[in-house]
Each structure stands twice: as C-alpha cells, then as structure tokens.
Amino acid sequence: MRKLIKGIFLNPKSDYSVEVLNNYYLLIDNGKIEQIEKNIEINEVAFDVFYDFGDRIIIPGMIDLHTHIPQFRAAGIGKGELLEWLDNYIFPLEAKFSEKYFAEDSTKLFFKHLISKGTTTAVMYSSPQKQACETAFEIADESQVRAYIGLPLMDRNTPEILVQNTEQVINDIFSIAKKWHKKNKCEFVLTPRFALSCTEELLQKVGEIAETDNFFVQTHLAENKKEVQEVKLQFPDIENYTSVYDRYNLLTPKTLLAHCIFLNDEEIEKINERNCIIAHCPTSNKFLRSGIMRANKYINAGLKVGLGTDVAGGYCLSMLNEAMEACEVSKLLSVQNEMHDDVLEAESAFCLSTIKAAEFLEISGEVGNFEIGKKFDAAVFELSEVHKITELKEDELLRALMYKIDNRTAKAVFIDGNLVYHK
Ligand code: GUN
Ligand code: FE
C-alpha cells in the first residue's frame, strides 16, 4: 500500500533544531517513508491513497517516557504532595484494577486518549496486579502504540491490598515477559516502583535480571523532599538516593529515571557516568508541588533528558502540553535563579519529546522524525483560529502549535503508516 501525504511538516533534528517542510509531500510505502519532496507531479507518482492535509501541521508521533496507565481516572482530581497523594488517591485507584472489567475499561480509555493526543510511543507503568499488566499489554497491542510497559514492583511499605510477595512477583515478571517482551510493538520493562516500595532482596534480584536479560528499567528518583528523607532513613548506610539504585546495578544506559529534582552534583555525575535516561515530568512536578527539575543544567552536562506526562501526577496526556510546560517552568527557574538566558526553548522541548527520546530508546533508526527509510509515525494538528497560518512566520508555527491549549486533540494519527485515529 502506497500513501501520499501532503501538509506542513515540522521535522525535529538530533541537534535540537526543527526543520519546516512547508507544503511538502511524503510518499509512504508499506509504512515507511520512501520520498520527501517539495514539488511533485501527482500524475507521475504511483499511490493508492492521497491524504491532502492542506495547511494542517504534521509532526512525528510523540514519545512519552513516563506515565501510569491505571492513574488516568485520577487526572487532576487528587491533591497533596507525593506520599499522601499515593496513599489517598493512587493506591485505592490501583487496587480497583483487580476488577477485570474496571481494568479493561480504564485501560482502553487510556490508550484511546493517549493516541488522540498524538503519542505513538510510550513508556508506562501498569497497575501492580499481574492480570492488570497483562490486560495493559493486550490493549496496547491492539492499539498499535509502541508500548514499553512494566509491572510496578512493590513488596513493602504498600497497603496490604496491593503489596506483592517477593518470590511470587519475580515469577510474574518472567511469566509476563515471556509472553509480551518484544512481541509486535510491545516491550516489557523492569519497574521497581521506587526505592521505598522495594525490599533490598527485590532490588538485588531485579538488578540481576536487568543485567542478564538486557531489559529497560524504569523507576522514580528524587521526586519529593519527604521521599528523599525517607529513603535516607530506610537505607542509612547508602550515601544518597541515586546510589541506592546503583548498589543494586540498576543504573544502566537502559534505565529511565523519572523526576530527578533533588540530586547533588555527585548524583548527577553518577547518572551521567552510567548514561541513564532522565524523564522530566514538569506538569506532575507542579501538580504534586514536588519542585522544578533543572532541565537545562542536565542537558548542558550531557545527560539524556526526555519528557514524561506522569499521569496522574501530571493531569494531561498530551506531549505537546508537556513540552510547553517544560519551557514554562524553565522560565520560572531562570528568573528565580537570575539566569535569564538559561531557558528551554520550544524547539529543544519538541526535540526532547520526539527524536531525542527515540535515540534514548534506541529506536531512532525507525522513528522520531521524518527521514527516508523511517516508519511513518505522525500526528496531524490544526492550528487555533486565533493564529492565521498565512500570517505566521515559519519559525512561529511550532510555538503556535505547542501553546494551542484550547484543544490538543489531533485530527489524525498514523503508526507504521496506518491511520490509527482520526476526527
Ligand atoms: N513514586 C512512586 N510511585 C509513584 C507514582 O505513582 N507517581 C509518581 N509521580 N511518583 C511515584
Ligand atoms: Fe510516575
């Protein structure tokens, strides 16, 4: 099947720039980009379908590096800081995922919304029940999203209704991974929820599995001040939070660390040395009053930084929103620190949520931007009526799209060249 797609393409590059392909044609053959052309004679091109998106904006499918499937129904509802919020809102909600139909309905709703916002690749937590994790994989697989999913591991400091048996949950990991790891577009991720929810025995075992089986690992790190203090109490002989994960060999180039707000220079250095990936979650960091991560400092230090919506710490599944928030909080930080030039620009934030994230997930040969030979994962958006497209300069298009907060739903979304959503 050959598809011809026309529109205004915003093409993020590895060097944090964004190329505008205004009124271009992409020819897609069997899901892959075969040609990128400005002027073509339509009569001379062989295609089966022509999607003329006119003056709509087409971007690569976005990549969410950190979010929670079961928490979607709590988006925007809870209050309080991290540890109370988990106890009062999140654990009770995740407990309901032991009901099969609730789990299925909620998971379908999550993926429907995720795709509608233009996200085509996501790294996610399921609910902590084995069955809920399997349901997440089944529905992700049907949705066609490139889905990296982990069963959150929690064998201590967890309400009785959710707490896992250490030995049993290790068996569950192997059983789920056997069925779903690298099946179609799905991948299993080792997921110690955070240091506070795991015994040392469990962390040790997960570190061993990570080493031998080369899985991605995801966890939370230094998100909230009280959490950091609590980690100090629970692991008194380990010098800092980052070293807790390092002690158990959990810091690798395939480790995704969400939040990373309260890190000292040694910890930043360690994460750099281990070449881990940081998932910056600015919306969640505001909502839970966690703090502001120093994104520019980390990026300039050479760390791998991507973006995550962290729903329901974050209240919005849109990665355009997350990219905007990353820019906005960096402005607050720059003013507070009197470093007025040290802000994250829209172009950088857009690259973090597309091509850079693809590089970190080691899939930039396949997706992340528009290049010949890559798969066509894309989302099509209409600009707001307040921005007349004819009056915008090319370098204003990205901001007009990113700051269009009235409606962040895509008009159309493609994965592997297949139309998976349209409105
Ligand atoms: N730390 C441990 N669990 C969670 C969670 O579900 N959300 C966030 N934001 N932080 C966590
Ligand atoms: Fe999270």
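Counting starts at 1 for both ligands and their atoms, in listed order. These numbers come from the heavy atoms of this one structure, side chains and all, not from hydrogens, waters or symmetry mates.
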Honestly, for Trp85 the part within reach of ligand 1 (heavy atoms, under 4.0 Å) is side chain
Taking 4.0 angstrom as the limit, do Glu81 and Lys226 come out as a salt bridge? no
The protein heavy atom nearest to atom 4 (C) of ligand 1 is His220 CE1, 3.4 Å
Discussion item. Yes or no: does Glu227 have any heavy atom under 4.0 Å from an atom of ligand 1?
Written reply: no
Out of Arg193, Gln71, Glu223, the nearest non-hydrogen contact to atom 10 (N) of ligand 1 is supplied by Glu223
*asked:* Would you say the rings of His280 and His66 are close, in the sense that their centroids are separated by under 6.0 Å?
replied: no
Here the Fe ion (ligand 2) sees protein N, O or S atoms within less than 2.8 Å, and their number is 4
Those residues at least two apart in sequence (or on a different chain) that pass side chain to side chain contact (heavy atoms under 4.5 Å, CB included) with Asn275 are Pro253, Lys304
Please report, to 0.1 Å, the donor-acceptor pairs under 3.5 Å made by any side chain of residues 412-423, with sequence neighbours excluded.
unit_1	atom_1	unit_2	atom_2	d
Asp416	OD1	Arg146	NH2	2.8
Asp416	OD2	Lys185	NZ	2.9
Asn418	ND2	Gln144	OE1	3.2

dist Asp172:CG -> Asn165:CG (nearest 0.5 Å) comes out at 9.0 Å
Ring centroid separation Phe9 to Phe370 under 6.0 Å: yes
Quick note on ligand 1: atoms under 4.0 Å from a heavy atom of Leu86 include exactly 2 (C), 3 (N), 4 (C), 5 (C), 6 (O)
Fill in: Face-on cation placement of Lys32 at Phe376 ring, 6.0 Å and 45° thresholds
no
Ligand 1 to His68, heavy atom cutoff 4.0 Å, flagged ligand atoms 5 (C), 6 (O), 7 (N)
Close approach of Tyr89 to ligand 1, heavy atoms, under 4.0 angstrom
no
Notebook entry, point to check: Do Thr166 and Asp155 have side-chain atoms, one donor and one acceptor, less than 3.5 Å apart?
Noted result: yes
Logged contact type for Asp310 with ligand 1, heavy-atom cut-off 4.0 Å, is side chain
His259 heavy atoms within 4.0 Å reach ligand 1 at atoms 9 (N)
Quick note, side-chain hydrogen bond (donor to acceptor under 3.5 Å, both in side chains) partners involving residues 108-121, not counting sequence neighbours, are Lys117-Thr409
Exercise for the section: May I ask you to check whether Tyr125 and His220 place their ring centers less than 6.0 Å from one another? Expected result: yes
